[in-house]
Amino acid sequence: MARKLFDTIKASEAGAASVAANPGASEMLDPPADLSPQALPRIRSARALRGGLMEISANSVRDIDPDAIVSEGPRDRLDVEDEGIAALAESIRQHGQQVPIMVRPAEEPDRYRIVYGRRRLAAARRLGVSVKALVRSMDDTASVVAQGQENSLRLDPSFIEKAVFVGALREAGYSSGTIQDALAISRQALSLLAIVHQSIPAEVIEAIGPAHDVGRRRWMDLTDLVRKAGVDLAAIVEEHRQELVDTASSEARFDLVFRAAAARPGTARNAAEPLRGPDGKEIGSVRRSRKEVILSISSKDDADFADWIQRSAAMLVEEMRQRWRREQSETSFPNEINVKGGPTDT
């Protein structure tokens with residue numbers, strides 16, 4: 001009986017190694033019907049070994065020819081072809097590729113589709129060397145979720161890069177839920193990113209670049225100039241083409257486009273104006289569009305005051321309205337007090 005048990009376990013371990021080497025193999029390693037119950041724990045251990053070997057095989061890093069990897073798919077970076085690739089390539093040449101990319105099998109034999117790591121792939125192509133890659137079998141939805149989460153956790157993409165990624169995923173037909181999972185964002189954040197991507201032409205985004213230090217608020221301000229003031233950003237980029245080319249910083253290129261857009265006739269009221277206290281310290285801003293006035297109060301230095309503003313907003317707005325009416329009345333009837341009190345000397 002002991003020999004039979006040993007032979008069964010040995011066969012199970014051999015089967016596990018075979019499956020790890022060939023994940024498509026069909027060995028199920030079911031125990032014989034006449035095996036005693038005491039042997040089952042050992043068989044389960046063999047099955048665990050098989051699973052572990054398969055996991056090691058699946059997680060192993062492979063060296064793959066970059067030409068065997070298709071780079072198509074939703075775009076998530078704006079600087080894949082810029083000078084940053086040269087610096088990355090030099091780093092890989094000196095120190096080796098420290099972080100593998102992820103790919104998934106394509107329909108053609110020995111071909112793969114990129115999941116994430118497009119810049120590392122571009123750098124490997126520039127160097128003419130193989131690229132280290134994890135190979136995963138996954139569908140389109142799992143692929144874009146992995147792509148978005150890896151970028152968000154490791155690369156901290158800029159606001160406009162997220163907007164470009166959202167646009168690419170929406171155009172590819174992915175659901176809002178999948179896009180939210182990929183970027184780990186709320187429905188409201190997804191809506192704002194989609195609005196920016198729809199409003200700002202692709203050539204403008206390309207001309208500006210990732211602009212990592214330009215956050216949501218300023219991109220929304222630029223979007224308002226398009227949606228509410230009708231500014232043609234593409235025309236502005238064309239007018240300032242050489243100046244944009246000569247400007248190295250992506251943030252500076254954003255500022256150039258924004259200033260030119262805000263200076264367009266009829267858009268002066270759209271620029272945010274700072275609100276300052278008696279000591280000259282900025283406490284917020286006010287911005288006027290064609291349809292609304294937006295008052296922003298900073299809560300960074302005085303959260304209690306901001307809370308009070310929020311609670312008292314309706315009362316404060318009504319007080320301002322009554323004051324405006326009184327001022328309008330005094331302007332319309334400047335001699336009203338004299339009429340009530342009798343004629344005055346002239």
Side-chain angles (χ1 to χ4, degrees), residues 152-153 156-163 166 176-177 179-181 183-200 208 210-231 251-252 254-255 257-264 266-334 336-337:
S152 295
L153 291 173
D156 190 22
S158 67
F159 179 84
I160 196 61
E161 285 182 314
K162 291 181 181 179
V166 165
S176 296
I179 300 174
Q180 288 176 240
D181 289 341
L183 289 170
I185 56 176
S186 66
R187 181 179 299 180
Q188 181 182 9
L190 173 59
S191 177
L192 292 177
L193 289 165
I195 289 172
V196 170
H197 181 262
Q198 292 168 359
S199 303
I200 300 181
I208 292 174
H212 286 285
D213 292 336
V214 178
R216 174 189 61 81
R217 179 174 175 179
R218 298 198 69 200
W219 279 106
M220 291 302 300
D221 287 342
L222 186 60
T223 298
D224 284 344
L225 292 176
V226 175
R227 294 167 62 88
K228 299 178 179 180
V231 175
E251 289 75 15
F254 176 92
D255 289 339
V257 171
F258 186 86
R259 288 196 304 269
R264 279 290 197 265
T267 63
R269 295 187 304 173
N270 290 276
E273 300 177 8
L275 296 177
R276 303 184 185 279
D279 57 356
K281 185 176 181 180
E282 186 172 338
I283 59 175
S285 65
V286 61
R287 179 166 57 86
R288 170 74 184 273
S289 70
R290 291 182 177 181
K291 296 182 179 180
E292 59 188 357
V293 175
I294 300 175
L295 177 65
S296 298
I297 303 296
S298 174
S299 60
K300 180 179 179 181
D301 298 323
D302 197 343
D304 291 339
F305 175 61
D307 290 340
W308 180 81
I309 289 288
Q310 183 177 3
R311 293 193 305 269
S312 310
M315 175 190 70
L316 294 172
V317 170
E318 182 57 30
E319 289 180 359
M320 287 189 288
R321 186 197 300 271
Q322 294 298 331
R323 177 175 176 177
W324 171 76
R325 285 175 176 168
R326 289 195 299 271
E327 291 178 354
Q328 290 294 105
S329 176
E330 292 171 1
T331 302
S332 301
F333 305 101
E336 181 179 358
I337 187 171

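As a basis for the values below, the full set of heavy atoms in this structure was taken, side chains included, without hydrogen atoms, waters or symmetry mates.
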- request: Mind checking side chain to side chain contact (heavy atoms under 4.5 Å, CB included) for A313 and listing every partner two or more places apart, or none if nothing turns up?
  value: none
query: Listed by chain and number, what are the side chain to side chain contact (heavy atoms under 4.5 Å, CB included) partners of L295, not counting sequence neighbours?
result: L275, V286, I297
field: Check against side chain to side chain contact (heavy atoms under 4.5 Å, CB included), R264 and L225
entry: CA-CA 9 Å; R264 279 290 197 265; L225 292 176; over 6 Å; no
message: Test of understanding: with side-chain hydrogen bond (donor to acceptor under 3.5 Å, both in side chains), list the residues that count as partners of Q322, not counting sequence neighbours.
response: E318
message: Using side-chain heavy atoms (C-beta onward) and a distance below 4.5 Å, is D213 in contact with F254?
response: no
query: Could you state the interatomic distance from CG (L222) to CZ (R227), rounded to the nearest 0.5 Å?
result: 12.5 Å
Residue pair F258 / I208, side-chain heavy-atom distance below 4.5 Å: no
- prompt: What residues form a salt bridge (Lys or Arg N to Asp or Glu O under 4.0 Å) with R325, not counting sequence neighbours?
  reply: none
- prompt: Can you list every salt bridge (Lys or Arg N to Asp or Glu O under 4.0 Å) pair that touches residues 303-313, not counting sequence neighbours?
  reply: none
Nearest heavy atoms of V226 and S199, plus distance in Å: CG1-O, 3.5 Å
message: Within this structure, what is the CZ-CD1 distance for the pair R216 and I160, rounded to the nearest 0.5 Å?
response: 13.0 Å
field: Donor-acceptor pair, side chain of S158 and main chain of P210, under 3.5 angstrom
entry: yes
message: Between L316 and I309, is the side chain to side chain contact (heavy atoms under 4.5 Å, CB included) condition met? List the steps.
response: CA-CA 8 Å; L316 294 172; I309 289 288; 3.9 Å; yes
When the side chains of residues 183-191 are checked against the rest of the protein, which donor-acceptor pairs come out under 3.5 Å, sequence neighbours left out?
| residue | atom | partner | partner atom | Å |
| --- | --- | --- | --- | --- |
| S186 | OG | A189 | N | 3.2 |

- prompt: Is the shortest side-chain N to carboxylate O distance from E327 to R323 below 4.0 Å?
  reply: yes
message: Quick one, I200 and W219 - any side-chain contact, counting heavy atoms below 4.5 Å?
response: yes
Residues that Q180 engages under side-chain hydrogen bond (donor to acceptor under 3.5 Å, both in side chains), provided they are two or more places apart: none
message: Restricting to side-chain hydrogen bond (donor to acceptor under 3.5 Å, both in side chains), what partner residues turn up for D255, sequence neighbours left out?
response: R218
